[in-house]
There are 2 protein chains.
Amino acid sequence: MAGTSNQSVGRAFRIVDELAENGGGSVSELADRLEMPVSTVHDYLQALVETGYVTVTDKEYQTTTRFLEVGHRQRHRLEVFKAVRDELETVAEETGEHATLMIEEADQAVILTVQEGPDAINLFAYPGARMPLHATAPGKAMLAHMADDRVDELIAQHGLVAVTSRTITDPEILFEQLEQIRRQGYAIDEGERIAGMVCIAAPILDKSDRIRGAICVCGPQSRIDESRRNEIADVAKRAANVTQVNLDYV
Amino acid sequence: MAGTSNQSVGRAFRIVDELAENGGGSVSELADRLEMPVSTVHDYLQALVETGYVTVTDKEYQTTTRFLEVGHRQRHRLEVFKAVRDELETVAEETGEHATLMIEEADQAVILTVQEGPDAINLFAYPGARMPLHATAPGKAMLAHMADDRVDELIAQHGLVAVTSRTITDPEILFEQLEQIRRQGYAIDEGERIAGMVCIAAPILDKSDRIRGAICVCGPQSRIDESRRNEIADVAKRAANVTQVNLDYV
DNA sequence: AAAACCCATCCGAGATAGTCGAAAGTTTTC
DNA sequence: GAAAACTTTCGACTATCTCGGATGGGTTTT
């Protein structure tokens with residue numbers, strides 16, 4: 001296999017991942033979790049501290065705000081991000097639910113921005129959160145506007161992993177839904193990623209019909225009943241449309 | 001000097017820095033800028049892509065949303081961040097200006113959150129943005145609540161670099177101001193970091209009087225005239241106080 | 001209060017694996 | 001359609017990463 005790439009780089013980021021996941025740790029703790037020799041982990045942590053991406057306070061290693069910085073800079077350069085402007089806020093206000101902007105990256109759906117409704121912090125929704133495309137409304141909205149063979153390829157490569165009991169795992173059903181999404185102009189997910197959650201998402205296309213992202217509204221099933229779905233879908237579609245216009249305008 | 005630390009880790013992050021700075025690049029472009037052999041840069045980029053922290057599309061390498069994710073996770077674990085809750089929003093609304101939450105990290109002032117007022121995007125204010133402590137109101141507010149010898153040490157180590165023509169470069173004047181800040185309960189900066197900008201900041205202390213951060217309000221000199229300064233300072237002080245209470249409560 | 005223990009840090013020899021020149025392959029330019 | 005520019009592959013050399021073990025500080029146990 002890959003005998004090529006740089007081992008040190010891989011290990012450094014494995015450590016970063018671990019730090020991010022479990023919120024810091026000590027040398028031996030990390031060595032334990034990563035199953036690496038203590039002295040090796042120590043060496044890496046020292047190197048990471050030198051880069052400024054990790055700090056150590058009282059033998060506790062932590063990631064620094066450098067990640068925030070790099071992340072925000074990247075986000076500011078993304079055209080979709082600039083194009084939504086405050087449409088998301090409007091969506092959150094109008095629906096009273098969480099509104100998120102999502103894009104596709106590395107075959108996954110990723111949250112770029114979260115605009116909170118009246119609710120508290122949602123553990124599952126934060127900038128950078130990733131999830132399978134087929135298990136979310138925004139993911140399906142984006143799939144619906146990719147070439148069919150690209151979708152086939154994705155299925156072949158990653159499969160249709162079940163995230164909850166309601167996740168779509170049958171390619172045939174998925175394709176049916178994609179067809180429907182194209183007709184309706186929006187996608188819906190009922191507990192396919194998080195049990196009890198309903199998400200409604202509208203795709204953002206550019207002038208050459210390339211999919212650029214999706215605007216998604218999420219809330220508990222109890223609050224998003226049949227009667228509100230059309231209304232929410234309309235709000236999302238409108239916001240997606242405005243974004244699209246801004247996008248082409250840039 | 002440091003003959004120890006891992007060279008590869010350092011180089012990997014130098015490349016990341018470069019990507020973040022100039023918004024991506026090609027192999028040769030980066031090799032040029034970093035003065036590294038093309039093949040070496042190529043190797044690193046490949047390794048970085050494998051980690052998922054960098055992507056390549058059409059020979060353009062870019063940082064990914066992984067940085068956003070790691071950054072946001074870290075931020076969510078910071079107590080000050082949780083403690084401000086929506087005080088910042090209140091501050092922005094009440095003053096009609098930018099409000100930021102800042103902390104000290106690696107001897108610098110770093111923005112954690114930006115709450116925008118009616119204004120557009122401020123190029124200088126984004127989460128993760130770093131600046132010298134002595135050249136900003138929040139920085140001075142934090143310095144005012146550090147031990148004097150810590151401040152001496154900082155000056156010895158980094159000096160009092162001038163960011164604008166109005167930046168404080170004389171230690172004596174700085175110490176005078178710190179004294180005044182402690183008396184007044186807030187710090188002010190008039191064009192010391194950005195010409196034409198006035199910032200007013202209140203320190204956030206925990207129950208053991210350790211400095212944890214600062215709440216800062218910034219706006220153009222023309223809009224923040226003498227008469228409004230007390231009012232703004234009061235708003236910032238109140239928000240800092242509420243934050244402090246939340247902090248001790250956690 | 002001594003001993004045992006845990007953990008971070010240092011050290012250095014050995015060998016893996018990073019490095020980079022050069023060549024091959026690919027895309028763009030003129 | 002040739003040349004230029006750039007990316008990617010290859011491979012040998014050896015720089016440098018690796019990690020067992022020693023060191024020492026700090027804390028808990030007996």
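Both backbone and side-chain heavy atoms feed into the values below; hydrogens, waters and symmetry mates do not. As the structure is a computational prediction, the values presented were derived from the model and not from experiment.
Counting to the nearest Å, the P atom of D/dC17 and the CG atom of A/L48 are 13 Å from each other. Atoms CZ (A/R33) and P (C/dC7) sit 13 Å apart, rounded to a whole Å. Look at CZ on A/R14: it is 16 Å from C1' on D/dC17, rounded to the nearest Å. Atom CG of B/D58 is separated from atom P of C/dT26 by 16 Å (rounded to the nearest Å). Computed from coordinates, the A/L45 CG to C/dC7 P distance equals 15 Å when rounded to whole Å. In this entry the distance linking CD of A/Q7 with P of C/dG18 reads 5 Å, nearest Å.
Between A/D206 and A/R212 there is a salt bridge, since a side-chain N of the basic residue sits under 4.0 Å from a carboxylate O of the acidic one. A salt bridge links A/E29 with A/R33; the closest basic N to acidic carboxylate O contact falls under 4.0 Å.
Contact detail for A/G25 and A/L19: the closest heavy-atom pair is N-CD2, 3.9 Å.
A/R11 has its side chain out of reach of A/I15: every pair of non-hydrogen atoms, C-beta onward, lies at least 4.5 Å apart.
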In a table with atom names and distances, give each donor-acceptor pair under 3.5 Å that connects a side chain of residues 141-154 of chain A to protein atoms at least two apart or in another chain.
{"residue": "A/R150", "atom": "NH2", "partner": "A/E104", "partner atom": "OE2", "Å": "3.4"}
{"residue": "A/R150", "atom": "NH2", "partner": "A/D107", "partner atom": "OD1", "Å": "3.1"}

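Within 4.0 Å (heavy atoms only), A/S8 reaches sugar-phosphate atoms of the nucleic acid but no base atom.
Look at A/T40 and you won't find any side-chain N or O under 4.0 angstrom from OP1 or OP2 of D/dT18. Close to D/dC17, at under 4.0 Å from its OP1 or OP2, lies no side-chain N or O of A/R11. Residue A/N6 places none of its side-chain N or O atoms closer than 4.0 Å to OP1 or OP2 of D/dC17. Residue A/Y44 places none of its side-chain N or O atoms closer than 4.0 Å to OP1 or OP2 of D/dC17.
Taking the six-membered ring for Trp and the full ring otherwise, the centers of A/H76 and B/Y126 sit at least 6.0 Å from each other.
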Handout entry: Test side chain to side chain donor-acceptor pair (under 3.5 Å) applied to B/S5 and A/Q46, step by step
Key = CA-CA 7 Å; B/S5 31; A/Q46 202 142 310; over 6 Å; no

Strictly under 3.5 Å: I want the nitrogen or oxygen pairs between protein and nucleotides 6-13 of chain D, one per line.
{"residue": "D/dT7", "atom": "OP1", "partner": "B/S26", "partner atom": "OG", "Å": "3.0"}
{"residue": "D/dT7", "atom": "OP1", "partner": "B/V27", "partner atom": "N", "Å": "3.3"}
{"residue": "D/dT7", "atom": "OP2", "partner": "B/S28", "partner atom": "N", "Å": "2.8"}
{"residue": "D/dT7", "atom": "OP2", "partner": "B/S28", "partner atom": "OG", "Å": "2.6"}
{"residue": "D/dT8", "atom": "OP2", "partner": "B/H42", "partner atom": "NE2", "Å": "3.3"}
{"residue": "D/dT8", "atom": "OP2", "partner": "B/Y61", "partner atom": "OH", "Å": "3.3"}
{"residue": "D/dT8", "atom": "O5'", "partner": "B/H42", "partner atom": "NE2", "Å": "3.4"}

